[in-house]
Q: 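Sharing a structure below in structure tokens format, with a few things to ask.
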Amino acid sequence: DGQYISIHSRTGEVMGEVGRLYEQQYAVALFNKVRFDIEGGGGPQPQLLHRKTPLEDKSIFSGSLFQYQEENKKWRNRFVFVPDSYIINYYDSKASHDKHLHPKGTINCSGYKVLTSMEQYLDLISNSLPAKVGSSPFLKCATQFPLILWHPFARHFYFCVVTEKEQQKWNAVLQDCVRHANDGLSEENKVQTPAFTDAVRLYRQAKGQYGTWEMMCGVPSQILANLVMEGLLPELRELISPRLKGKLYERQKNWMLISDAVYSLVQGQCQTQYEDVVQKCEASRTSLEACLRTDMDQIITSKEHVTNKIRAVVVPKAEKLLKVSIEPYIGSILDALMEPTSRGFSEVRDVFFRELVDMSKNTLNEGTKETVAQHMDRISMLAFHPVKMQSCYEKVEQLSLEGLQQRFDVSSPSVFVQRAQILMREQMDDAVYTFEQILHQSLESQGSEELCKTIQRCQDRVIKKFDYDSSTVRKRFFREALLQIFIPYMLKQLTPSCASDLPHFQELIFEDFSRFILVENIFEEVVLHSVMKDIMMAVKEAAVQRRHNLYRDSIVLSNSDPSLHLLGENPSIDWAGEYKGEKEEVDGAGDDGGESQKTRRMKQVVSMIQVEGAPTLPSESCVEVPGVEDIPEEGGEEEEEEEEEEESPDEQQDQNAPAENKTEIYREK
């Protein structure tokens with residue numbers, strides 16, 4: 001019937017519109033940044049130190065599991081290696097990895113969900129496939145412990161392991177890979193990131209899609225591909241579904257292959273076009289900045305003049321909406337956010353504290369600096385140990401906005417859950433790094449006597465700082481989450497009655513300044529400020545009541561430790577290298593390489609201990625693989641030895657972990 005869809009032109013249309021919005025928002029974001037640089041921003045200063053590249057020369061995890069191969073319908077053994085980039089590499093065998101051969105495949109986990117049962121998987125695919133899925137799965141899992149990576153557009157990956165403990169560990173590791181990959185927008189970039197997030201948001205709002213968006217995850221090219229696929233996929237399904245032939249399983253498999261191929265094409269095109277737009281904007285940055293610095297006062301005056309005019313039209317309507325539809329819900333939504341998030345942060349504190357108590361106990365028995373160094377070598381990567389952090393992450397996964405989601409266009413609480421988890425990990429690493437720096441300084445200036453007291457003193461200082469920072473970070477998170485929930489709802493309600501008035505206000509702006517002052521942005525700012533007062537008040541009241549260990553805004557730990565920030569410039573401490581003593585004997589155990597080989601090895605955050613004689617999979621197509629026992633949660637020498645055995649060289653040492661970042665749309669202005 002001659003029907004066809006041009007994927008190239010459809011992607012081009014979306015990118016053309018997003019590109020136009022990005023160029024507009026780029027000038028506005030640059031204005032906001034330059035203004036912030038000149039005027040500065042208030043707010044409490046963090047007490048803990050922060051390290052920029054915590055995972056330098058580290059890998060996260062490696063071990064063996066089984067992967068289902070769709071081409072021959074068999075399960076094969078795979079050696080999986082997770083480097084500091086969190087991009088999963090899988091190989092035919094550990095030997096292939098050790099020889100620096102190219103991996104058989106790689107997985108960037110952005111946008112994926114990790115599933116641990118076939119039931120979960122069937123639920124998800126029955127909604128996404130053109131043909132109805134039968135109740136029996138189209139692949140038979142070789143064990144009772146599957147690990148499936150599902151994506152709405154890209155290829156799915158099927159793994160399984162032999163024991164439940166193994167499944168739990170791999171689940172924790174894979175969840176961490178997803179969390180890290182989803183968090184793909186650099187917070188450090190104060191112009192490109194806000195310009196990009198606002199362009200995407202405005203594009204969706206123009207299509208009537210307000211509220212949080214679950215697929216706002218990954219780097220810009222992935223987010224843009226998700227944006228294109230959201231509109232393209234239903235049409236493709238309608239067009240291609242009747243043409244798929246064969247058994248149900250074949251039709252499903254072919255549909256997934258088509259979807260994955262289209263997604264790759266779209267992502268490639270998005271990346272090229274986005275890079276072009278960014279390059280064009282960056283080329284104009286110098287002249288824009290010069291103009292801003294010359295005319296900043298006049299631009300601010302002009303913006304305030306227009307803001308007052310817009311406020312006169314919008315605020316009466318906004319206040320009416322606030323009273324009826326927002327104020328009654330602020331308290332209950334804040335409670336729903338505070339409870340699980342605060343439990344998560346409290347668990348971070350407990351996990352950190354328990355590790356230090358263990359260290360103190362062991363130091364009582366063998367009080368040497370070497371013992372302390374061995375412990376610190378393990379603790380230094382605590383924030384990036386998916387299994388030890390799992391209990392913290394699980395607490396916040398209980399976050400539920402039942403009954404409020406439909407009202408306020410919140411697609412799912414996962415946006416907030418993942419943001420809280422990223423903040424928890426940062427907070428843990430800040431605490432560990434601060435403790436490490438203070439302890440190292442103390443050890444350098446004294447002998448081995450009274451080590452326990454030294455550890456205790458350092459611990460008390462860090463816990464006090466942790467509590468203060470935890471309160472600051474959570475309060476900011478609650479405010480931002482409430483804005484993300486309420487602002488889209490308010491914009492959706494107010495836009496129909498206000499939109500027609502907005503173009504008149506653009507005429508009030510002097511033409512030279514019109515790039516930096518956009519009425520649509522001012523309209524959103526006016527709406528934001530109208531609700532901000534109520535949000536600030538609700539969070540402030542929770543702090544005044546000391547709920548969830550929040551500090552009052554008036555409590556400021558200003559400069560309580562003036563010398564500490566000087567340590568913040570120091571690199572992470574190489575405990576094993578500095579205090580060799582007893583450590584060398586452990587390193588030597590079961591190691592046939594010389595000292596130079598050891599130093600070249602990349603430290604692995606999580607060690608996997610292989611156990612001889614464990615059961616294997618009942619399938620002739622499998623290479624025999626030993627089961628995997630516990631990752632020792634509580635450290636002992638056994639962990640150190642086994643960790644050395646499992647560590648492996650890594651060809652990707654130059655890949656630093658991407659800077660931590662956030663994808664929230666409404667920042668506090």
Side-chain angles (χ1 to χ4, degrees), residues 58-107 109 112 114-116 139-149 156-178 385-387 390 590 601-632 638-639 641-652:
K58 303 283 189 301
S59 67
I60 303 298
F61 199 58
S62 63
S64 296
L65 36 62
F66 296 105
Q67 182 183 17
Y68 181 71
Q69 294 183 294
E70 290 168 272
E71 56 275 16
N72 60 14
K73 301 184 188 175
K74 288 190 174 165
W75 290 88
R76 292 257 179 219
N77 179 33
R78 292 278 178 255
F79 177 75
V80 173
F81 176 75
V82 183
D84 60 354
S85 64
Y86 287 85
I87 303 252
I88 296 171
N89 297 322
Y90 56 91
Y91 299 82
D92 280 330
S93 64
K94 187 173 186 305
S96 305
H97 166 264
D98 292 350
K99 287 176 192 158
H100 299 296
L101 298 179
H102 272 295
K104 191 152 187 71
T106 60
I107 310 169
C109 289
Y112 276 91
V114 186
L115 311 173
T116 51
L139 77 147
K140 189 94 179 80
C141 193
T143 71
Q144 293 169 281
F145 307 107
L147 289 147
I148 299 169
L149 286 168
H156 302 167
F157 293 90
Y158 312 97
F159 299 101
C160 72
V161 287
V162 184
T163 67
E164 190 177 359
K165 270 194 167 168
E166 240 186 305
Q167 186 191 39
Q168 287 164 358
K169 260 166 223 80
W170 277 107
N171 184 33
V173 171
L174 295 175
Q175 297 278 11
D176 228 23
C177 292
V178 171
H385 193 305
V387 182
Q390 189 64 11
R601 285 190 167 183
M602 184 175 254
K603 185 83 179 151
Q604 184 170 292
V605 177
V606 181
S607 64
M608 286 193 88
I609 292 185
Q610 302 288 355
V611 177
E612 294 309 314
T616 56
L617 283 184
S619 166
E620 75 292 341
S621 69
C622 295
V623 180
E624 243 187 71
V625 108
V628 176
E629 258 305 294
D630 206 357
I631 299 172
E638 181 192 16
E639 179 183 356
E641 290 176 38
E642 296 291 347
E643 198 164 338
E644 282 298 332
E645 282 173 36
E646 274 302 313
E647 280 158 18
S648 35
D650 174 27
E651 65 254 47
Q652 300 180 348

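Computed from a prediction, not measured in an experiment: that's the story for all the values here.
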Q: Please enumerate all residues that pass side-chain hydrogen bond (donor to acceptor under 3.5 Å, both in side chains) together with Q69, with sequence neighbours excluded.
A: R76
Q: Is there a side-chain contact between Y158 and P146 (heavy atoms, below 4.5 Å)?
A: no
Q: Would you give the length of the straight line joining atom SG of C109 to atom CD1 of I88, rounded to the nearest 0.5 angstrom?
A: 3.5 Å
Q: Does P83 reach the side chain of N89, with side-chain heavy atoms less than 4.5 Å apart?
A: yes
Q: Checking S93 now: which residues fulfil side chain to side chain contact (heavy atoms under 4.5 Å, CB included) with it, not counting sequence neighbours?
A: A95, S96
Q: Please check if the distance between the ring centroids of F145 and W170 is under 6.0 Å.
A: no
Q: When you compare the side chain of Y90 with that of T106, does any pair of heavy atoms fall below 4.5 Å?
A: no
Q: CG/D176 to NE2/H385 distance, rounded to the nearest 0.5 angstrom?
A: 10.5 Å
Q: Is any side-chain heavy atom of S62 closer than 4.5 Å to one of Q604?
A: yes
Q: Less than 4.5 Å apart, side chain to side chain, heavy atoms only: is that true for Y86 and I60?
A: yes
Q: Quick one: does Q175's side chain have a donor or acceptor within less than 3.5 Å of a partner on N171's backbone?
A: no
Q: What distance separates H156 NE2 from E70 CD, expressed to the nearest 0.5 Å?
A: 9.0 Å
Q: Would you call V161 and T143 a side-chain contact if the rule is heavy atoms closer than 4.5 Å?
A: no
Q: Restricting to side chain to side chain contact (heavy atoms under 4.5 Å, CB included), what partner residues turn up for Q390, sequence neighbours left out?
A: A172, Y393, E394
Q: Any non-hydrogen side-chain atom of V173 less than 4.5 Å from a side-chain atom of K169?
A: no
Q: Among residues at least two apart in sequence or on other chains, which ones pass ring pair (Phe, Tyr, Trp, His ring centres under 6.0 Å) with Y112?
A: H151
Q: Can you tell me how far OG1 of T163 sits from CD of Q144, rounded to the nearest 0.5 angstrom?
A: 11.0 Å
Q: Apply side-chain hydrogen bond (donor to acceptor under 3.5 Å, both in side chains) to Q167 and list each qualifying residue two or more places apart in sequence or on a separate chain.
A: none
Q: Can you find a pair of side-chain heavy atoms, one from I148 and one from F159, that are under 4.5 Å apart?
A: no
Q: Can you name the nearest heavy-atom pair linking Y91 to P103, along with the distance?
A: CE2-CA, 3.4 Å
Q: To the nearest 0.5 Å, what is the distance between NE2 on H97 and NE2 on H100?
A: 8.0 Å
Q: CZ of F157 to CG of L147: how many Å apart, nearest 0.5 Å?
A: 14.0 Å
Q: List for me each residue that meets side-chain hydrogen bond (donor to acceptor under 3.5 Å, both in side chains) alongside Q168, sequence neighbours excluded, and say none if there are none.
A: none
Q: Answer with yes or no after comparing the ring centroid distance for Y68 and W75 against a 6.0 Å cut-off, counting only values under it.
A: yes
